Participant: 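So that we are looking at the same thing, I have put the structure below in structure tokens.
Quantities reported herein were computed from a predicted structural model and do not represent experimental measurements. Naming: A, B, ... by sequence-line order, numbering from 1 per chain.
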Amino acid sequence: MVWVNAIVQGILLGGLYALFACGLSLMFGVMRVVNLAHGDLAVLAAYLALAVITGLHVPVLWSALVVAPLFGVVGYAVQRFVIQRSLDVSPLTTLLVTFGLSIVIQNVLLEGVSANSRSLPTGWLASASFQVNSQLSIAYESVIVFSVAVVVLSSLQLFLSRARLGRQVRAAADDLEAASIVGVNVRHVYGIAAAIAFATVALAGVAFGMYSSFDPAAGPQRLIFAFEAVVIGGVGSLWGTLLGGMILGVAQVLGAQVDSSFGVLAGHLVFLVLLALRPNGLIPARLA
Amino acid sequence: MTAGPLLELAGVSKRFGSIIVADSLSLVVRGGDAVGMVGPNGAGKTSLFSLISGDLSPNSGEVHFEGRAVTRLDSAQRCRLGIARTYQVPRSFEHMTVFENVLVAAYRGAGLRGHAASSLAAGVLDEADLRKQANSPASRLGLVQRKRLELARALGCKPRLLLLDEVAAGLTEPEVAGLVEVIERIRARGVAVIWVEHVVRALVGMVDRLICLAGGRIIGDGEPLAVLASPAVKDVFLGTSYGEASQT
Amino acid sequence: MRYGLLPALTNVSFTLAAGETVAMIGANGAGKSTLLRAIAGIHTPTAGSIRLEGRDITHLPAHRRVAAGIVLVPEGRRLFPSLTLEENLVIGSVPSRRGSWNVARVFELFPWMATRRARPVVYLSGGEQQAVAIGRALMANPTILLIDEMSLGLSPAVVRKLYDLLPELLAAGTTILLVEQDVTQALRVSDRAHCLLEGKITLSGRPRDLSPSDVEAAYFGLAKSTAGGRG
Amino acid sequence: MIESAPSATPQRVTRSRRSARWNAVAGAVAVAVLASLPYLVYANVTGVLVNLFILLSLATLWNLLAGYAGLISVGQQAYIGIGAYAVFVLADNGLSPFLAIPVAALVSGLVAVPASFLLLRLRREYFAIATWVVAEAVLLAVLRSDSLGGGTGATLRGLSDLDPALRQAYTYWAALAVAVATLLGTYLLLRSRVGLDLTAIRDNEIGARSVGVRVALAKGIVYFVAAAGAGAAGGVLIISQLFVQPTSVFSVQWSAYMIFVALIGGLGSIEGPIVGTVIFYMLQQTLADRGAWYLIILGSVAVLMAMWVPRGIWGLISDRFDLRLFPVGYFLHPARGTVKVKS
């Protein structure tokens, strides 16, 4: 029963990782950019949510409705003015530039809010859970986060497959030049993809802040977990990302079951082994 | 010298998804041969070069060089065995000087060291008429000089089989004549040459065998003018019913 | 329309009149594709200018040229593999230009498409893919349609079928610039033809005024007098 | 039979356009002056310079990876940490910490060999993050190890009976030696045929392969050298601090330092990281009492440089003055007089 519990918790944790990963996956799938500042953006979003909650006295879920759209706008601007420019220089430059942004965000946070760790106040949700049986209890929070992840992934999937703009995103991901000659404004579409990615990472940041405490240096590990989920699941495949997140979550929780300090390491080892065996991920697929 | 063929392709096929770039190709080239290759866009000429040079590995079939199976060797290994190629879009080392570009080839492709390597490189630059540019970075060369650098770098590998992919494209008439002279000299040293070119007149003047490729298959192989005159080849180049059109 | 210098092209100038079909023939490597891609806005010419109805569009990005009515059917089809057949057509209407083309009319033109509308395009044959590429371009209601190597990799029967569609497109007043290796087909359907060799126009005229031997000579670059010799 | 090379006209090859003798003399003088500093200045100055030398070594090696082999690693801190812990273990077993530095370099290099089999197969984005994951995995393994002190860290033994002034001087010389060895090693590597291979690979990997360059081998050599150098720097680090704390020695902050320094100074030249280190040092000193601001400014400058001045400050300098302190090129001259003539 201990193991069943671990697997259930791991799967639910995987929802959070998938939420982190879908923006990364989208940006890599569409414009071949790995945003190394991804995790730090999530942490930044968590701090912003905290400011909204304490400033406006609203519950945590409402703060997400403020932070996510704001991040969307920022994402569009960052894509058009920073990432696009570095893409024009060389693909290596995007890595260096986003890494630089990562360090800058971390240290701005460090200066602005100190290194103390914080967490988002979730009120009664914090301790609420339902008991499946004597050994298996599930926290409402994890269920909410998992559901949010599934809803976000489904909406994204729906957007890409049905919406006019979503179709343009897929076309630009398939063939940049062909997209431009059928009249798609590729730079705008890239901006839209980045806006979505930033909005989802903001949601992930808020969810993360509900789940556990955070501090300015928490970003890189979020990035790594997100990337591991993407690679395990297969780049550009959204449902693969959910699967990847769940595999990573289960590996971490099972690892922690063996030895409390072995959890994260177990996740890394699963990732490295899979990377060695299948460099293209479990479900190699095109976007959507 | 061995009596066997220099290069032998046996039933080589290569697909990219549903596109077939080489359809069970078989081909024999002997030492010192000068072979021209023509074909419409997408006929698979450059892919065939890549299959010979090792930039691509075939889905099926075997490639033998001097009697040795090289199908599973990469392009660097094949180069060190004596197969050198040029690329249609030059792959110069932009931030290195012209001399250094060729020197890498002399060190690695030809396996020479020290003075022997720099002598070879210098000689090759003379041959390709790039001696004056020896110390300027490759990024400063114009397109025509870049094409010459491609040739020089391939020669720097001291190949026994040289694959030339459109080295004459964009050259003026006298430049093409000069290039043909250079390639004649290379041939005279016993190096086999396979030359893909759209400037058909450059080819016809120099090769003693012409291969026409279409749809990943060989549709003509033999004496150049005879190949160009054959109905199958005319069909591929000038259209399905060119004969009909010319009668009206 | 005027057109100038690119590395692969030297000082090429020509004009298109509304409603005519012009063929650009020549061996590969002659610069034909480069020319079409420059008109479509993928490359910017190093010198010279491109004008559409008197307006200078030399520096207009590709997607805005589509909105202005210049639409390219690219070499190798360039369909979107992760989009279905119908989506590949629908995305052609992104610039939302006014006109009579829509999915239903494309299906009228190619009835087989209707039954396979939800299929990914990778499962279509080469000829079918080419038809989708043409349909996609028509969805933008082009005033100038640029067609690059329509016959490439297709069987003669399919090529003929595709070319037989052109008059129907022309009926809508569309101007067509064809780049083609299949000389016979190109000459059959065009009002005027230019032969491009090594980046220069070497021969121009109405198809009926061009003799087959002139075309052959211009095409291979073998001057008639030396074609028989080795030199 | 095939004739050998086409006959070459008489020629002579040098490694720089001008004579490099004065560069060598100036370099030797600079090293001699730096080496005599412990006799001339207070220990707080040499203490700062120790950190500067560590950074210079790391940035030089990262530049070798990224600027020459095109390998963007954000996980070199793995080898810094391995080097530091190797010195700790060796000193614990009675070896002098100073003598342990070269051994630590070797240990780091040897760990890099199996890692390189996994990492060098990956494409650039995958490579970057996988190096980071490897560094995290090593950190987590160290945290779990009681014999290495776990999360609390480890204190270096074997230097307590040494006079503090002498210890500081020895530490300074060790740091200087590692920096000089790194620069000289990088210079010699780039001057060798491997250097030519690397430049060719960076400019055009397919082209390099097509002229016979063993791409995987060349990248493997660079990865090994960069890991060994980072290990040596880590060894100096533990000696200078007498203590190693795992989350700090394995911190990605190290990657930030080396990347920013190399980007600002200029990727793809030996001089770039030297220039970058000096700028870093000046900025750090100016903003010393303003916490993390120097990193924020440095990071922002590095980002802007990467986008708008990809070859960095040294790129601007060398373009304007045609200057090279470390000539690694080959120049072909017509022969003069009796110098090596071959017909």
Participant: Are there more than 12 heavy atoms of other residues, nucleotides or ligands under 6.0 Å from atom CD of C:E20?
Facilitator: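 Correct, the count exceeds 12.
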
Participant: Are any side-chain N or O atoms of A:R170 and backbone N or O atoms of C:S82, one a donor and one an acceptor, separated by less than 3.5 Å?
Facilitator: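 Looks like yes, one N/O pair under 3.5 Å.
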
Participant: Can you check whether A:V186 reaches C:H63 side chain to side chain, under 4.5 Å on heavy atoms?
Facilitator: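 In short, these two side chains do not touch, never coming nearer than 4.5 Å.
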
Participant: Taking all non-hydrogen atoms of both residues into account, name the closest pair between A:A171 and C:I91 and its distance.
Facilitator: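 For A:A171 versus C:I91, the nearest heavy atoms are CB-CD1, 3.3 Å.
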
Participant: Where on C:R64 is there a heavy atom nearer than 4.5 Å to chain A: the side chain, the backbone, both, or neither?
Facilitator: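 For C:R64, there is no contact with chain A at all, as no heavy atom is under 4.5 Å.
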
Participant: Please walk me through it: do A:D174 and C:L83 pass side-chain contact (heavy atoms from CB on, under 4.5 Å)?
Facilitator: CA-CA 9 Å; A:D174 272 357; C:L83 272 58; 4.3 Å; yes

Participant: Taking CZ in C:R105 as the centre, count heavy atoms belonging to other residues, nucleotides or ligands within less than 6.0 Å. Is the count above 12?
Facilitator: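 Yes, CZ of C:R105 has more than 12 neighbouring heavy atoms, counting only those of other groups under 6.0 Å.
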
Participant: Which bit of C:V94 is near chain A, if near means a heavy-atom gap under 4.5 Å: side chain, backbone, both or neither?
Facilitator: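 Both parts, backbone and side chain.
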
Participant: Non-hydrogen atoms of chain A under 4.5 Å away: do they reach the side chain of C:I42, the backbone, both or neither?
Facilitator: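 For C:I42, the side chain is the part near chain A, not the backbone.
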
Participant: Tell me which one of C:V73, C:L146, C:L72 satisfies side chain to side chain contact (heavy atoms under 4.5 Å, CB included) with A:I181.
Facilitator: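 Output: one option passes, namely C:L72.
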
Participant: Check C:P95 against A:G183 and note the closest heavy-atom contact, atom names and distance.
Facilitator: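 Where C:P95 meets A:G183 most closely, the heavy atoms are CD-CA, 4.4 Å.
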
